[in-house]
Amino acid sequence: MSVVALEIATPLDEERVRALRAGAKVLISGRVYGARDAAHMRMLAMLERGEPLPIPLEGAAIYYVGPAPAKAGHAIGPAGPTTSGRMDGMTIPLLARGLRATIGKGYRSQEVRDAMQRCGAVYFGAVGGAAALLARSIVASRVIAFDDLGTEAIYELTFDGFPAIVVNDAQGGEAYVRG
């Protein structure tokens, strides 16, 4: 069993994502968008109205997070993953528009796993209960849309070696099944 983590950077291209396999450890660097339930609902409403989204989806990664306020001298407060299944009903339209990765905790629905295979996307699992530790891998943070939503606004985050595991790969593999 390998303990070496793959270093990956955003934006993610489809070829790179399709090469990832369930169970692989990764260190993610680059721009990642932080968004959760309320931001997803607004983005879907914008898509239904034919409006452009406030973030580019092609090659993007979304971290399901609602970070706590940052202390002085820190880029972000504790930033743990939110349960991903809550976003399942809103994820497929984003995958169809080029979203390459989502990051959270817990299981994804069969519909989302099927869409990841069709679209060439991956789901990364972050460790729940380690919000302060994960925040150390986020070196910059700013709200870029829906600031009225508070912690559910859309954040632009800069990751530097953010640790995660490939839970669902683009080939249909699932780390929770493999163990």
Side-chain angles (χ1 to χ4, degrees), residues 1-36 39-40 43 53-84 87 91 94-95 97-106 108 112 116 119-145 151-171 173-176:
M1 180 173 162
S2 174
V3 293
V4 175
L6 302 169
E7 293 185 16
I8 62 171
T10 62
L12 299 163
D13 65 52
E14 185 174 348
E15 181 180 336
R16 176 73 167 138
V17 168
R18 288 196 181 276
L20 295 171
R21 293 294 179 263
K25 296 176 184 173
V26 296
L27 297 172
I28 305 167
S29 295
R31 181 185 309 145
V32 172
Y33 298 102
R36 49 186 288 177
H40 277 72
M43 287 194 290
L53 296 181
I55 60 173
L57 290 177
E58 188 62 44
I62 293 179
Y63 181 27
Y64 302 138
V65 65
K71 291 182 181 176
H74 294 265
I76 196 167
T82 297
T83 302
S84 302
M87 262 57 74
T91 300
L94 305 180
L95 293 172
R97 288 167 174 80
L99 178 66
R100 280 290 163 239
T102 56
I103 307 164
K105 66 179 181 182
R108 303 311 304 257
V112 170
M116 286 190 287
C119 300
V122 66
Y123 169 53
F124 297 114
V127 177
L133 183 63
L134 291 172
R136 293 181 188 173
S137 300
I138 302 173
V139 297
S141 169
R142 68 183 181 110
V143 172
I144 60 168
T151 60
E152 294 215 21
I154 295 180
Y155 288 79
E156 181 182 80
L157 309 169
T158 303
F159 281 13
D160 182 18
F162 185 93
I165 295 173
V166 178
V167 174
N168 295 107
D169 64 33
Q171 311 303 317
E174 180 167 345
Y176 295 147

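Since the structure is predicted, the reported quantities are computational estimates derived from the model, not experimental observations.
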Contacts of Arg142 that satisfy salt bridge (charged side-chain N to carboxylate O under 4.0 Å, His left out) - sequence neighbours left out: Glu156
Quick one: closest heavy-atom pair of Leu134 and Gly80, and the distance? CD1-CA, 4.4 Å
Contact between Ile103 and Phe162 at the side-chain level, heavy atoms closer than 4.5 Å - yes or no? yes
So if I apply the side chain to side chain contact (heavy atoms under 4.5 Å, CB included) rule between Ser29 and each of Asp160, Ile8, Thr158, which one comes out positive? Asp160
Residues at least two apart in sequence or cross-chain that pass salt bridge (charged side-chain N to carboxylate O under 4.0 Å, His left out) with Arg18, listed by chain then number, are Glu14
What residues, two or more places apart in sequence or in another chain, satisfy side chain to side chain contact (heavy atoms under 4.5 Å, CB included) together with Thr151? none
Stepwise side chain to side chain contact (heavy atoms under 4.5 Å, CB included) check, Val166 with Arg21: CA-CA 7 Å; Val166 178; Arg21 293 294 179 263; over 6 Å; no
Residue pairs involving residues 121-140 (criterion side-chain hydrogen bond (donor to acceptor under 3.5 Å, both in side chains); sequence neighbours excluded): Ser84-Tyr123
Spatial distance of atom CG (Asn168) from atom OH (Tyr176) [nearest 0.5 Å]: 8.0 Å
When you compare the side chain of Val112 with that of Met87, does any pair of heavy atoms fall below 4.5 Å? no
Give me the atom names and distance for the closest heavy-atom approach of Ala135 to Gly77. CB-O, 3.4 Å
Residues 58-73 side chain polar contacts: donor-acceptor under 3.5 Å, at least two apart:
from	atom 1	to	atom 2	distance (Å)
Glu58	OE2	Arg100	NH2	3.3
Tyr63	OH	Ala79	O	2.6
Tyr64	OH	Thr91	OG1	3.4
Tyr64	OH	Arg108	NH1	3.4
Tyr64	OH	Arg108	NH2	3.3

Test item: Asp169 side-chain N/O and Ala22 main-chain N/O as donor-acceptor pair under 3.5 Å: yes
Partner set under side chain to side chain contact (heavy atoms under 4.5 Å, CB included) for Ala145, not counting sequence neighbours: Pro54, Ile154
Exercise: identify the closest heavy-atom pair between Ile28 and Ala164: CD1-CB, 4.1 Å
Val127: which residues meet the side chain to side chain contact (heavy atoms under 4.5 Å, CB included) condition with it, sequence neighbours left out? Ala130
